[in-house]
Amino acid sequence: MIRVRRLSHSFGADPVLKDVSFSLEKGDFVFLAGPSGAGKTTLLRILYAALPLQTGEAAVAGINLGRLPASRVPLLRRQVGVVFQDFKILPRRSVEQNIALPLEIRGLAPRHIERRVMAVTRALGLQDRIRLKCGELSGGEQQRVAIARAFVVNPKVLLADEPTGNLDPELAYRLMELFKQFQAYGATVLFATHSEDLMRRHPGAYTMRLEKGRITAADWPGAGVFIDGAGRTVHSRQRQ
Amino acid sequence: MKRTVLRLIGRGIADLALDPAGTAGALLAVTLTSFLAGLFFMLLTTLDIRLGMARGESIFQIYWRDGMDMDVVRRQWQEYVHLPGFRSVRTYTPEQALEELGRRIGRAGGDLDKTFPFLAADSPLPATALVALSPSGPDPERWLEETSAYFRSQHGVARVSAAPLQNELGQAWKQVGSYVLWPATTFLLLALGLSVGNTVRLAVRAREHEIEILQLAGAYNWYIRLPLAAGSAALGLTGGLCSLALLFLLHDRLGDVLNFPPLSLRLYFPSPRAVAALLLAPTVTAALAGVLAVRK
Ligand SMILES: Nc1ncnc2c1ncn2[C@@H]1O[C@H](COP(=O)(O)OP(=O)(O)O)[C@@H](O)[C@H]1O
Ligand SMILES: [Mg+2]
């Protein structure tokens with residue numbers, strides 16, 4: 001579902017990602033771990049085509065990111081949900097309008113949109129918030145709206161960039177359960193975080209470590225080939 | 001598809017209410033710039049009409065034959081007000097002509113009755129009319145000749161003399177005007193468009209967050225731009241209408257403030273074409289700016 005081979009990226013002369021390779025299958029849930037400045041955000045931005053692919057190869061949901069014309073970027077974005085640390089929701093619009101947004105973009109019928117939005121708000125415990133303006137919600141509720149907006153279109157891939165970074169640990173833990181629901185519906189989830197605590201509480205998830213732009217560890221079978229911190233080529237265990 | 005388009009246009013306009021302060025500010029800016037442009041149009045129109053008027057006044061002196069029936073002549077005089085470009089007429093029966101002559105000489109230091117006592121009974125002067133007309137047509141010289149010929153062909157007219165146009169300012173404006181008016185108008189509309197465009201661009205910038213979210217959710221560019229263009233166009237049109245209303249009010253209240261002699265300066269409302277331009281320029285540029293403010 002996500003395939004990256006020998007990807008490198010630099011801002012000007014600064015190399016930020018160096019020779020990154022990995023692959024995720026359908027339904028995988030992977031923590032992208034690493035300290036601040038390791039290059040997690042940069043990697044995710046390349047995967048949803050907010051940054052161009054400079055060197056190497058990458059494909060997401062079967063769409064090749066190499067030489068992806070601007071006109072085809074929306075097609076990729078429709079397969080990929082993204083959740084951010086700063087939520088990126090519209091504070092002046094209602095919960096309902098925010099969640100309906102990606103469905104309207106796809107041109108679905110109003111009746112259909114309403115049904116989907118209802119189902120998702122119920123699943124995420126937002127049903128009594130539906131008419132409120134998002135700006136009036138707490139941080140945790142805002143992030144739930146953002147998650148609902150990603151969830152409502154059943155994306156094949158979910159990219160999350162420290163989505164719980166702004167929330168207190170207890171709330172973060174509960175939101176994690178929602179991300180697990182994506183996995184349950186068959187989405188591939190790549191979840192960037194620098195919180196060791198969060199990862200410890202979800203021992204079942206795979207982890208991929210990024211340090212100074214290099215992948216230094218990946219703990220699942222078939223993760224792919226990568227170059228470790230010392231510059232050695234490391235092969236992960238094979239998927240059984 | 002058609003429903004989506006209509007919905008997006010409607011939403012773009014409705015979204016103006018999301019940020020009332022921002023919308024009001026942008027509307028104010030658009031209205032003020034349009035109003036200033038309109039004011040300039042008004043002055044330009046007034047100047048053009050005023051100087052166009054001053055273009056012309058040739059005075060024709062018309063003398064009738066001796067012994068004409070004054071009733072016939074008077075009827076001719078009454079017709080002069082219907083002449084094209086008519087400005088004024090002064091008429092003298094032979095007696096009045098003599099009186100006038102006497103007054104003029106008298107003012108110079110004599111008295112008619114004493115100077116020409118034998119004339120008082122039977123004036124030797126002909127019936128006379130002084131007709132002031134504005135020239136029409138592109139060729140003033142030719143107009144002068146044709147009009148003189150017309151007066152000469154009238155019943156009982158003995159002689160016509162015409163004072164040539166004495167109107168350097170009007171003539172100069174007529175020549176310069178065509179070179180000034182269009183560039184000035186173009187410049188004005190350009191300035192109006194640029195400032196309105198910039199206002200809208202800033203207003204759209206304030207919504208970058210929203211644009212980014214739409215892009216992340218996989219919206220195509222037209223889907224993002226259409227509501228922005230619709231909202232901006234509505235803003236531009238409203239601003240244009242407000243400025244016209246202001247201009248109308250100004251014209252209504254102050255149009256005649258300077259309209260007293262010797263200034264006699266009346267303000268003229270801009271022509272329908274200028275009004276259309278005042279509405280179209282902010283609307284179109286605002287819509288364009290709304291579209292172009294979205295970076296890919
Ligand atoms: N747009 C950018 N221009 C220049 N440098 C950038 C840009 N984005 C990120 N960087 C740099 O790239 C490095 C990795 O950043 P980032 O991917 O945000 O790391 P992380 O998300 O792991 O904290 C940092 O040193 C950061 O300063
Ligand atoms: Mg980051």
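Order of the sequence lines fixes the chain letters, A, B, ..., with proteins taken first and strands second; residue numbering starts at 1 for each chain.
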Taking a cut-off of under 4.5 angstrom between non-hydrogen atoms, the residues of residues 101-134 of chain A near chain B are A:Leu101, A:Pro102, A:Glu104, A:Ile105, A:Arg106, A:Pro110

Which bit of B:Ile224 comes within less than 4.5 Å of chain A, counting heavy atoms only: side chain, backbone, both or neither?
neither

Could you tell me whether B:Phe86 atom CZ has more than 12 heavy atoms of other residues or ligands within 6.0 Å of it?
yes

Let me know if A:Leu76 has heavy atoms under 4.5 Å from chain B in its side chain, its backbone, both or neither.
neither

A quick test of your reading: do over 12 heavy atoms of other residues, nucleotides or ligands sit less than 6.0 Å from NE2 of A:His194?
no

Locate the shortest heavy-atom distance separating A:Arg77 from B:Gln215; write the atom from each residue and the value.
NH1-O, 2.9 Å

Is it the case that over 12 heavy atoms from other parts of the model lie below 6.0 angstrom from the CZ atom of B:Arg7?
yes

For residues B:Ile213 and A:Arg149, report the shortest heavy-atom separation together with the two atoms involved.
CG2-NH1, 3.5 Å

Report the distance from atom CG of B:Leu216 to atom CG of A:Leu159, rounding to the nearest 0.5 Å.
10.5 Å

Non-hydrogen atoms of B:Tyr220 and A:Ser71 that approach each other most closely
CE2-O, 3.6 Å

Locate the shortest heavy-atom distance separating A:Ile89 from B:His209; write the atom from each residue and the value.
O-NE2, 3.0 Å

For atom NZ of A:Lys26, is the number of surrounding heavy atoms from other residues, nucleotides or ligands below 6.0 Å larger than 12?
no

